[in-house]
Amino acid sequence: MNLILLGPPGAGKGTQSQRLADARGLVQLSTGEMLRAAVKAGTEIGLKAKAVMESGGLVSDDIVIGIIADRIKKPDCADGFILDGFPRTLAQAVGLDKLLKDSGTSMDAVIEMKVDDSAMIERIVGRFSCSNCGAGYHDTFQQPKTEGVCDKCGKSDFTRRADDNEETVKSRLMAYYRETAPLIGYYFAKDKLRAVDGMAPIDGVSRQIGAVLDEIQKA
Ligand code: AP5
Ligand code: MG
């Protein structure tokens, strides 16, 4: 099954993608994570992306379509993947349609995660993740079971994103409304759109997504 999780910064795309990857064996493809890895490694793409990401803007369509084109060809994607943070513009959506067509596959569903703008800043400013395995946490909403120890890998080193501050979140939100929100109409018109209430607690959102996927699988 191939899915897109669509929603603004802090909607829970990464949180729910990690859960779907664990529960359903789908590969999580987060362009944000891939770009952060490129910045950390100091690659050519990373050098181009760093300042754009820190300002809350969008990295160029060519770069992100290129990254996804290379990644979805890999054998581990054959059994299904979740796109987390891609596509983010109409050009990326059209690019993705072409990639899927060329590889003889298709998108099963686009899950829109609906959240209130007022929740995003709190979610983002309180976010941290495990430096070793990438598991995501929140100061209030998703603390590790044992304080200071990652639930998944047991390590004790955590990190916060350079773009997770109030000012940058507002630019990211603007970019979302300007460039990404039109994709809701694009996928509605293609009959792929399914909405979930992203304001529910994390387990509740997982249950809603699970119900949508079960329904699609039965159809
Ligand atoms: P990216 O990494 O994709 O960031 P984003 O879209 O801003 O989304 P986030 O990762 O901030 O939010 P999320 O929805 O994953 O939320 P999460 O699950 O962590 O992109 C970063 C940058 O890279 C972009 O700004 C851009 O520059 C560039 N980029 C990436 N892709 C690109 C593309 N395709 N084109 C161009 N540029 C691109 O949850 C947030 C927090 O809330 C967590 O702490 C979590 O624990 C908590 N939480 C989650 N769900 C709930 C809930 N239901 N209730 C309470 N708390 C919750
Ligand atoms: Mg994310």
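Atoms within each ligand, like the ligands themselves, are counted from 1 in listed order.
A salt bridge between Asp157 and Lys155 is absent, with no side-chain N of the basic residue lying under 4.0 Å from a carboxylate O of the acidic one. Salt-bridge annotation for Asp76 and Arg71: present, with a side-chain N of the basic residue lying under 4.0 Å from a carboxylate O of the acidic one. Salt bridge status for Asp108 with Arg194: absent, with no side-chain N to carboxylate O gap under 4.0 Å. Salt bridge Lys73/Asp102: absent, no basic N to carboxylate O contact under 4.0 Å.
Tyr186 is linked by a ring-ring contact (aromatic ring centres under 6.0 Å, His included) to nothing, counting only residues two or more places apart in sequence or in another chain.
Within 4.0 Å of ligand 1, counting heavy atoms only, the contacting residues are Pro8, Pro9, Gly10, Ala11, Gly12, Lys13, Gly14, Thr15, Thr31, Gly32, Leu35, Arg36, Met53, Gly57, Leu58, Val59, Val64, Gly85, Phe86, Arg88, Gln92, Arg123, Ile124, Arg127, Tyr137, His138, Phe141, Gln142, Arg161, Asp163, Arg172, Gly198, Ala200, Pro201, Ile202, Val205.
In this structure, Phe128 and Tyr137 have parallel ring planes: the angle between them is below the 30° cut-off, well short of the 60° mark.
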